[in-house]
Amino acid sequence: FNTQIDVLINCREAGKLVGATPLDRPEDIEIHPVTGDVFVCLSNNKGKGNYHGSILKISESSKSPTSFEHDTFMAGGEHFSCPDNLTFDKRGNIWLCCDISGKRIGKSPYKNFGNNGLFFIPTMGKFAGEVFQIASAPNDAELTGVTLSPDQKTLFLSVQHPGELSKSMKKLTSNWPDKKPGSIPKPSVVQINGPLLV
């Protein structure tokens with residue numbers, strides 16, 4: 001590493017050199033808008049027997065700015081699997097997208113989850129820690145890039161690689177977003193409006 005740019009480009013290797021803690025495929029890192037805690041989506045680590053991943057919470061210590069505490073905010077496997085992207089609304093609720101590999105959807109140990117989904121998880125109040133599924137992805141797709149409008153009334157997300165396992169133009173596994181037989185599946189951006197976002 002000759003420059004800071006080298007460190008940033010080769011972050012994983014740099015982390016190993018300084019003794020960073022290995023994690024189970026971190027995919028997204030976001031800061032809770034109310035508590036300041038850091039949340040990390042850990043997608044999975046099949047090699048270590050962790051098929052469903054988890055959401056890690058990191059809290060700065062009040063005693064020292066260089067120390068922290070961490071725990072698993074929520075483990076995958078019961079309500080969701082393979083957490084990939086998340087965002088917070090202004091109240092600190094989590095909006096989570098998952099990414100089970102297309103070739104593994106519908107197969108053990110992911111059989112019970114169906115297609116990938118969008119989930120709402122309150123982090124405070126009487127429903128804290130409960131998981132509510134809001135949407136399901138089209139066949140072979142993952143939902144990603146979840147974000148909220150400034151007024152919190154509209155949620156945007158991307159539909160990535162729908163129908164990626166199609167064998168041919170005559171054997172398409174998805175016709176998203178046109179939904180017409182024979183139409184080519186296309187990535188797209190979706191907006192969701194509803195009272196849960198207020």
Exercise for the section: Dump the intermediate steps for side chain to side chain contact (heavy atoms under 4.5 Å, CB included) on L155 and Q191, then the final yes or no. Expected result: CA-CA 5 Å; L155 182 141; Q191 71 176 43; over 6 Å; no
Shortest non-hydrogen contact from [X] to [Y]?
X: L96; Y: P83; value: CD1-CB, 3.7 Å
X: K179; Y: S183; value: N-OG, 4.1 Å
X: M74; Y: G129; value: CE-O, 2.9 Å

Euclidean distance, [Y] [atom2] relative to [X] [atom1], rounded to 0.5 Å:
X: N50; Y: C82; atom1: CG; atom2: SG; result: 8.5 Å
X: I100; Y: S81; atom1: CD1; atom2: OG; result: 4.5 Å
X: D28; Y: I55; atom1: CG; atom2: CD1; result: 10.5 Å
X: T144; Y: N116; atom1: OG1; atom2: CG; result: 10.5 Å
X: F113; Y: I105; atom1: CZ; atom2: CD1; result: 11.5 Å
X: D24; Y: C41; atom1: CG; atom2: SG; result: 12.5 Å

Practice task
Measure from the ring center of W95 to the ring center of F119 and say whether it is less than 6.0 Å.
Solution key: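 Between F119 and W95, which both carry aromatic rings, the centre distance is not below 6.0 Å.
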Problem - H52 and F80 aromatic centres sub-6.0 Å - result: no
Problem - K103 with D140: basic N within carboxylate O range, under 4.0 Å - result: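 No, this pair does not count.
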Got [X] and [Y] here, is their nearest side-chain heavy-atom distance under 4.5 Å?
X: L42; Y: N44; result: no
X: F132; Y: I121; result: no
X: P138; Y: V159; result: yes
X: M124; Y: R91; result: no
X: D84; Y: L143; result: no
X: L56; Y: L23; result: yes
X: K180; Y: N175; result: no
X: V7; Y: I9; result: no

Practice task
Evaluate the side-chain hydrogen bond (donor to acceptor under 3.5 Å, both in side chains) criterion for residues S59 and H70: first the C-alpha distance (whole Å), next the side-chain angles of each, then the deciding distance (0.1 Å), finally the verdict.
Solution key: CA-CA 6 Å; S59 305; H70 64 89; over 6 Å; no
Exercise for the section: With sequence neighbours excluded, tell me which residues meet side chain to side chain donor-acceptor pair (under 3.5 Å) with T72. Expected result: none
Problem - Flag if over 12 foreign heavy atoms under 6.0 Å of CD, E13 - result: yes
Handout entry: Backbone N/O of D37 and side chain of E60: donor-acceptor pair under 3.5 Å
Key = no
Practice task
With sequence neighbours excluded, tell me which residues meet side-chain contact (heavy atoms from CB on, under 4.5 Å) with Y51.
Solution key: K46, P109, Y110
Handout entry: Intermediate values then yes/no, side chain to side chain contact (heavy atoms under 4.5 Å, CB included), D99 and C97
Key = CA-CA 7 Å; D99 180 17; C97 294; over 6 Å; no
Handout entry: Intermediate values then yes/no, side chain to side chain contact (heavy atoms under 4.5 Å, CB included), N93 and F120
Key = CA-CA 7 Å; N93 300 309; F120 171 73; 3.5 Å; yes
Handout entry: Distance-only side-chain donor-acceptor flag, Q133 / S136, under 3.5 Å
Key = yes
Practice task
Walk me through it: do T154 and N193 pass the test side-chain hydrogen bond (donor to acceptor under 3.5 Å, both in side chains)?
Solution key: CA-CA 5 Å; T154 306; N193 304 88; 2.8 Å; yes
Practice task
Report the relative orientation of the aromatic rings in F39 and F73; use parallel for angles under 30°, tilted for 30 to 60°, perpendicular for over 60°.
Solution key: perpendicular
Practice task
Go through the steps for K186 and D178 under the test side chain to side chain contact (heavy atoms under 4.5 Å, CB included), then give the verdict.
Solution key: CA-CA 9 Å; K186 302 175 195 75; D178 299 331; 2.9 Å; yes
